[in-house]
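Below is one structure; the comments refer to it alone.
Values reported hereafter were calculated over all heavy atoms of this structure, with side chains retained and with hydrogens, waters and symmetry mates removed. Predicted model, so just to flag it, every value in this text is computed and none were measured. Reminder, nothing fancy here: chain letters follow the sequence lines and each chain counts from 1.
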Protein chains: 2
Amino acid sequence: MNDELNDLLEKHGLKKTGPRVKVLSVLKLRDTAASQPELEEIIGKEIDRVTLYRVLTAFEEKGIIHKVLDMNGTAKYAVCDSSCTDKQHKDEHVHFNCTLCLNVYCMDTLHIPQLVIPAGFTSQVVNMMVYGICDKCNLKLKG
Amino acid sequence: MNDELNDLLEKHGLKKTGPRVKVLSVLKLRDTAASQPELEEIIGKEIDRVTLYRVLTAFEEKGIIHKVLDMNGTAKYAVCDSSCTDKQHKDEHVHFNCTLCLNVYCMDTLHIPQLVIPAGFTSQVVNMMVYGICDKCNLKLKG
DNA sequence: TTATTTATGCAACAAAGTTGCATTTAATTA
DNA sequence: TAATTAAATGCAACTTTGTTGCATAAATAA
């Protein structure tokens, strides 16, 4: 696993530092996107708050992770599909934000429908977020 | 115009207060969504910061306006279609966030495509945001 | 192994949003 | 119309998320 992380960092031209390897390993293991405050809680004070923000920003710029805003406007990050680069993010999938547990899921299989936008406007990126109850919370409610 | 605003407040069971009429009149005249900080700048210190937040929250709960998050995670508000109520928001249209002027437009004519979401998940609201260059900024760039 | 570039940690700051409480105002009722 | 009451406002203080500047430390290159 550590080799994989090192390769990923190297491939994107990032130095292999403690904080970067740690953050990347945490994100890789999750099935939901994580915010800086969440990572801070998971990792603890071994990594500085500001470093977390900078690591996340660096990863995003290099196309290792992508950013999604949750329903509160908090930035959450998830590991990108391996085809992402610093030139182009291929995160054009739908995201799901659970209104109970607040988790954000990448719906990798759901890709965003094409839109015809009005003349005069130019589209760069399209974002689609479904708010609702996730599978785990639904189980808790019904079960 | 003032009659119209009063009617709107009354219809939704809200007292007609100075701050509410003022905020509603400002929002009605705009073609882009406004955040609390923007409203604060437009209106000035005649209305308290906290009151602005509370007025916006009240309007949203009653279905007079709807909330959209811009690319920075800041909440922006726009007047709803008249068919909105506190029970159901009919703001299922696409929003456009200009990456230059940061304005958020309601694309009232573009409605959000239907999605089939995975089993186990329950959808409540769907949000679709297009990021790009708006018509006015495109004119400035090309003209 | 040293030099150089880059990343980290710390402190301080900034913006957006929230909470508690006293005061004022709008609507109600007498 | 005046008194009552419920709700809205203003103010102060606070919280959370995110940013900036700068000195120190660590990773790669020479």
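In this structure, B:N72 atom CG and C:dG17 atom C1' are separated by 15 Å, rounded to whole Å. Whole-Å rounding puts the B:L56 CG to D:dT9 P distance at 11 Å. Rounded to a whole Å, the CG atom of A:L39 is 12 Å from the P atom of D:dT17. The CD1 atom of B:I47 sits 12 Å away from the P atom of D:dC11 (whole-angstrom rounding). A:K76 has its NZ atom 16 Å from the C1' atom of D:dG18, to the nearest Å. Rounding to whole angstrom units, CG of residue A:D48 and C1' of C:dT8 are separated by 8 Å. With rounding to whole Å, B:L102 atom CG is found 11 Å from C:dA16 atom P.
The only option from A:T32, A:N103, A:D31 that meets the side-chain hydrogen bond (donor to acceptor under 3.5 Å, both in side chains) definition with A:K136 turns out to be A:D31.
No engagement by B:A58 is indicated, since no non-hydrogen atom pair under 4.0 Å with the nucleic acid exists. Among the atoms of the strands shown, only primed sugar atoms or phosphate atoms (P, OP1, OP2) are found under 4.0 Å from some heavy atom of B:E46.
Atom CD of A:E41 sits in a sparse spot, with 12 or fewer heavy atoms from other residues, nucleotides or ligands closer than 6.0 Å. Within 6.0 Å of atom CD in A:Q114, 12 or fewer heavy atoms from other residues, nucleotides or ligands are found, so the atom counts as exposed in its surroundings.
In this structure, of C:dG9, D:dT17, D:dA8, it is D:dA8 that holds the atom nearest to the side chain of B:L14. For A:Y53, counting side-chain heavy atoms from C-beta on, the closest listed nucleotide (D:dT17, C:dA7, C:dG17) is D:dT17. Here the nucleotide nearest the side chain of B:V50, chosen from D:dT17, C:dA16, D:dA12, is D:dA12. The side chain of A:Q36 lies closest to D:dG18 when the candidates are D:dG10, C:dT8, D:dG18.
When each of B:G18 and B:P37 is assigned the nucleotide of DNA chain C bearing its nearest heavy atom, the one mapping closer to the 5' terminus is B:P37.
Counting only distance, with no hydrogens or angles, the side chain of A:T51 and the backbone of A:I47 share no donor-acceptor pair below 3.5 Å. Within the 3.5 Å criterion, the main-chain N or O of A:V104 finds no donor-acceptor partner in the side chain of A:N97.
With no hydrogens or angles considered, no side-chain donor-acceptor pair links B:Y131 and A:Q124 at under 3.5 Å. B:D70 and B:S35 share no donor-acceptor pair across their side chains, judged by distance under 3.5 Å alone.
For B:K15 and C:dT25, a side-chain-to-base donor-acceptor distance below 3.5 Å is absent, hydrogens and geometry of angles not being considered. With hydrogens and angles left out, the side chain of A:R54 and the base of C:dG9 share a donor-acceptor pair within 3.5 Å. Put simply, the side chain of A:R49 and the base of C:dG9 share no donor and acceptor less than 3.5 Å apart.
Taking side-chain N and O atoms only, B:T17 has a distance below 4.0 Å to OP1 or OP2 of D:dT9.
Axis angle, first five pairs versus last five pairs of the helix from C:dT1-D:dA30 to C:dA30-D:dT1: 30°, rounded to 10°.
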